[in-house]
A.B. asks: 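There's a structure below that I have some questions on.
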There are 2 protein chains.
Amino acid sequence: MLRYALLELLRRKPLTGYDIRQRFQQSVMFCWHAHLAQIYPELRRLEREALLRSKCEIQTHRPNRTIYAITRRGREALAAWQKAALIRFEMKDDLLLRVYGIDAMAAADGEALLALAARAHAERLATYEAIKEQIEARYGVLRALPNDSLLGPLLCLEWGLRYERMYRDWCAWALQRLAERGGRGGPNGSQPTLDLYGLAAPERASRARRPLHERRQQHHDAKEPGISPAKRSRKTRERC
Amino acid sequence: MLRYALLELLRRKPLTGYDIRQRFQQSVMFCWHAHLAQIYPELRRLEREALLRSKCEIQTHRPNRTIYAITRRGREALAAWQKAALIRFEMKDDLLLRVYGIDAMAAADGEALLALAARAHAERLATYEAIKEQIEARYGVLRALPNDSLLGPLLCLEWGLRYERMYRDWCAWALQRLAERGGRGGPNGSQPTLDLYGLAAPERASRARRPLHERRQQHHDAKEPGISPAKRSRKTRERC
DNA sequence: GCCTCCATGTAATGCGTTACATGATTCC
DNA sequence: GGAATCATGTAACGCATTACATGGAGGC
């Protein structure tokens with residue numbers, strides 16, 4: 001996947017590995033990121049596959065740089081990937097994971113967590129807004145784009161704006177929810193634990209969950225190996 | 001990181017690896033995901049580290065199952081991780097990456113891409129709304145929570161709702177943008193390429209970019225090794 | 001007869017992060 | 001004098017995905 005991010009950047013302009021990292025870190029490309037230790041070998045791999053070509057620039061007062069440019073084959077590979085999209089929902093957000101278990105935290109810790117997130121996302125939002133203003137100052141209203149190569153980045157910028165705004169607002173909302181709950185919560189509350197499995201996506205959970213009447217089961221400590229083999233069914237594999 | 005998702009699920013209830021995958025796939029836990037081939041070894045690792053403990057359940061008409069339960073040490077590890085949050089902005093969204101290079105696509109392909117995403121996210125949103133309704137039907141208004149262990153999942157559900165709504169709306173907005181542009185675009189348009197590096201986050205790009213006046217440079221094809229060594233500076237390392 | 005579910009795993013491969021190393025230059 | 005910038009890399013490790021394997025139970 002990283003390869004396509006590299007090809008996309010190089011499609012626009014030849015760059016060095018170092019340049020590419022700058023763009024990942026600081027430019028309008030908020031939709032991807034990578035470390036140098038990943039970028040350099042990937043660039044070399046792409047050159048071996050003839051999707052990129054490199055030039056060496058000799059510099060006198062700085063280390064020499066290797067500038068990569070996209071090839072015809074690279075453009076073709078990029079275009080082919082670009083069309084063949086399929087949408088996946090594989091969220092990974094570690095703040096959300098922490099919030100998922102907020103009932104195990106002291107109220108103050110939970111609030112601190114959300115307040116931190118709120119601040120961080122608000123700052124990010126401000127950054128994006130500043131970028132947008134910069135662009136509008138340079139190129140006027142976004143309707144009249146000077147160049148179609150800016151279209152994609154601007155759409156992505158708008159996504160970033162909406163995302164950060166959404167995140168910030170959600171943090172505020174969640175904090176309010178916590179406040180309304182008052183001091184009821186606390187670490188390791190002793191309420192009975194609900195089985196959240198019931199709260200599943202309907203289309204997948206619709207198949208009625210059978211009461212498992214034939215699941216006659218015995219419990220043993222896995223660490224205790226002294227289970228008589230006669231008790232085990234020979235019909236199923238015994239792995240545990 | 002996966003370890004904490006596992007610990008969080010097992011904090012609520014002992015489960016097998018298979019159960020855990022169900023929850024990743026279909027339950028309220030939209031904030032993380034993993035494949036079985038990753039889950040099983042991770043569970044065993046956590047048991048070796050004494051954060052989990054396993055029991056074996058013998059079944060007669062089905063394969064036996066290994067049920068994992070969290071230990072005191074596991075709870076401690078989870079709680080320690082939960083508090084020590086730091087916010088990162090490491091976005092990786094391959095649809096967005098494709099959209100970033102939308103100017104290289106035929107207009108119809110770009111529209112198809114966004115329309116696909118719009119539909120997918122609208123469906124997801126509908127799923128989440130159905131889950132919310134299910135919960136409200138069972139437990140009434142969300143203000144009066146029957147159990148604090150539901151609080152985290154509900155906050156996450158709300159995040160998911162807002163995220164999918166945002167994504168769907170952005171797709172619609174972007175499609176409109178494309179429509180307004182009319183037939184102007186096309187594959188490989190020949191406008192001059194802008195250097196997007198200038199559109200950087202202000203706080204990091206504020207340091208004025210110097211005009212590089214002392215960067216006197218020569219170009220050589222990296223594939224041609226016949227560069228006279230005399231031309232190279234001995235002051236810098238020669239790597240390329 | 002084929003498909004999906006239950007339940008577990010191995011093996012191979014690929015992707016990603018962290019730490020470490022080099023060394024002149026230039027800014028504060 | 002110390003930190004950051006430019007520019008490249010290696011090594012070690014950890015995380016993640018894909019394909020493959022097993023084998024009975026039950027549904028269409």
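We name chains A, B, ... by the order of the sequence lines, and we start the count at 1 in each one. Every value quoted in this text rests on a predicted model; they were computed, and no experiment measured them.
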A.B. asks: Using the ring-ring contact (aromatic ring centres under 6.0 Å, His included) rule, take B/Phe30 and B/Tyr128 through it: C-alpha gap first, then chi angles, then the decisive distance, then the call.
C.D. replies: CA-CA 10 Å; B/Phe30 342 90; B/Tyr128 287 179; 4.6 Å; yes
A.B. asks: Answer yes or no: does a side-chain N or O of B/Arg65 lie under 4.0 Å from OP1 or OP2 of C/dG9?
C.D. replies: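 Answer is no, no contact under 4.0 Å.
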A.B. asks: Short question: side chain of B/Ser54, backbone of B/Thr66 - any donor-acceptor pair under 3.5 Å?
C.D. replies: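 A pair under 3.5 Å: no.
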A.B. asks: Using 30° and 60° as the class limits, which term best fits the ring planes of A/His33 and A/His35: parallel, tilted or perpendicular?
C.D. replies: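 Taking A/His35 first and then A/His33, their aromatic rings stand perpendicular (interplane angle over 60°).
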A.B. asks: Whole-Å distance between D/dA25 P and B/Asn64 CG?
C.D. replies: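 The distance from CG of B/Asn64 to P of D/dA25 comes to 13 Å, rounded to the nearest Å.
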A.B. asks: Quick one: A/Arg23 CZ to D/dA7 P, roughly how many Å, whole number?
C.D. replies: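 In whole Å, D/dA7 P and A/Arg23 CZ are 13 Å from each other.
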A.B. asks: Establish, yes or no, whether the cationic atom of B/Arg21 lies under 6.0 Å from the six-membered ring centre of B/Phe24 and within 45° of the ring axis.
C.D. replies: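 Geometry flag: not set, cation outside 6.0 Å or 45°.
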A.B. asks: Could you give the CZ-to-P distance, from A/Phe24 to C/dG16, as a whole number of Å?
C.D. replies: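 Value for this atom pair: 10 Å.
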A.B. asks: Distance check, rounded to the nearest 0.5 Å: B/Leu157 atom CG versus B/Ile135 atom CD1?
C.D. replies: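 So the CG of B/Leu157 and the CD1 of B/Ile135 are separated by 5.5 Å.
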A.B. asks: Side-chain N or O of A/Lys92 versus OP1/OP2 of D/dC15: is the shortest distance under 4.0 Å?
C.D. replies: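 For D/dC15, OP1/OP2 do not have a side-chain N/O of A/Lys92 under 4.0 Å.
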A.B. asks: Show the numbers, then the answer: is there a side chain to side chain contact (heavy atoms under 4.5 Å, CB included) between B/Asp103 and A/Arg11?
C.D. replies: CA-CA 11 Å; B/Asp103 63 301; A/Arg11 175 178 75 81; 2.8 Å; yes
A.B. asks: Answer yes or no: does a side-chain N or O of A/Gln59 lie under 4.0 Å from OP1 or OP2 of D/dC6?
C.D. replies: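 Answer no for this pair, as no side-chain N or O of A/Gln59 is under 4.0 Å from OP1 or OP2.
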A.B. asks: For the side chain of B/His61, starting at C-beta, report the closest nucleotide among D/dC6, C/dT8, D/dA25.
C.D. replies: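 Selected nucleotide (nearest to the side chain): D/dA25.
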A.B. asks: Using a cut-off of strictly less than 4.0 Å, decide whether A/Arg3 has a side-chain nitrogen or oxygen near OP1 or OP2 of C/dG16.
C.D. replies: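 For C/dG16, neither OP1 nor OP2 has a side-chain N or O of A/Arg3 closer than 4.0 Å.
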A.B. asks: So, A/Gln82 side chain and B/Arg98 main chain: donor-acceptor pair closer than 3.5 Å or not?
C.D. replies: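 Present.
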A.B. asks: Nearest whole Å is fine: how far is D/dC15 C1' from B/Leu6 CG?
C.D. replies: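 Atom-to-atom, B/Leu6 to D/dC15, this comes out as 13 Å.
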A.B. asks: C/dC6, OP1 or OP2 - any side-chain N/O from B/Gln22 closer than 4.0 Å?
C.D. replies: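 Answer yes for this pair, as a side-chain N or O of B/Gln22 is under 4.0 Å from OP1 or OP2.
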A.B. asks: Which label fits A/Tyr4 and A/Trp81: parallel for a plane angle under 30°, tilted from 30 to 60°, or perpendicular past 60°?
C.D. replies: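 A/Tyr4 vs A/Trp81 ring planes: parallel.
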A.B. asks: Answer with yes or no after comparing the ring centroid distance for B/His121 and A/Phe89 against a 6.0 Å cut-off, counting only values under it.
C.D. replies: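 Yes; A/Phe89 has its ring centre under 6.0 Å from that of B/His121.
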A.B. asks: In whole Å, I'd like the distance from the CD1 atom of A/Ile20 to the P atom of C/dG16.
C.D. replies: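 About 15 Å, once rounded to whole Å.
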A.B. asks: What is the distance from CD of B/Glu57 to C1' of C/dC6, rounded to the nearest Å?
C.D. replies: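 Rounding to the nearest Å, CD of B/Glu57 and C1' of C/dC6 are 12 Å apart.
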A.B. asks: Any side-chain N or O of B/Thr66 below 4.0 angstrom from OP1/OP2 of C/dT8?
C.D. replies: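 Yes.
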A.B. asks: Quickly work out the A/Leu2 CG to D/dT17 P distance and round it to whole Å.
C.D. replies: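 In whole Å, D/dT17 P and A/Leu2 CG are 16 Å from each other.
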A.B. asks: Would you mind telling me which of C/dA7, D/dT18, D/dC15 lies closest to the side-chain atoms of A/Arg88?
C.D. replies: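 Closest nucleotide to the A/Arg88 side chain: D/dT18.
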A.B. asks: So if I take residues 32-43 of chain B and measure heavy-atom distances to DNA chain D, which residues fall below 4.0 Å?
C.D. replies: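 Only B/His33, B/His35, B/Ala37, B/Gln38 qualify.
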A.B. asks: For a quick check of understanding: with a heavy-atom distance under 4.0 Å over all strands, which category does B/Arg21 fall into, base, sugar-phosphate or nothing?
C.D. replies: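 Contact class for B/Arg21: none.
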A.B. asks: Return the value, rounded to whole Å, for the distance between atom CD of A/Glu47 and atom C1' of D/dG9.
C.D. replies: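 My rounded result for the distance is 15 Å.
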A.B. asks: Any side-chain donor-acceptor pair under 3.5 Å between A/Asp93 and A/Tyr167?
C.D. replies: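 Short answer, yes.
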A.B. asks: Taking only the side-chain nitrogens and oxygens of B/Arg62, find out if one of them lies under 4.0 Å from OP1 or OP2 of C/dA7.
C.D. replies: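 So the side chain of B/Arg62 is outside the cut-off, no N or O lying under 4.0 Å from OP1 or OP2 of C/dA7.
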A.B. asks: Which nucleotide in the list D/dA16, D/dT10, C/dC6 gets nearest to the side chain of A/Arg44?
C.D. replies: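 Looking only at side-chain atoms, A/Arg44 lies closest to D/dT10.
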A.B. asks: Please list residues of residues 77-86 of chain A whose heavy atoms come under 4.0 Å from any atom in DNA chain D, ordered by number; otherwise none.
C.D. replies: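 Of all residues in residues 77-86 of chain A, none places a heavy atom under 4.0 Å from DNA chain D.
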A.B. asks: Let me spell it out: for each of B/Glu90 and B/Gly17, pick the nucleotide of DNA chain C with the closest heavy atom. Which residue's pick is nearer the 5' end?
C.D. replies: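 It is B/Gly17, whose closest nucleotide lies nearer the 5' terminus.
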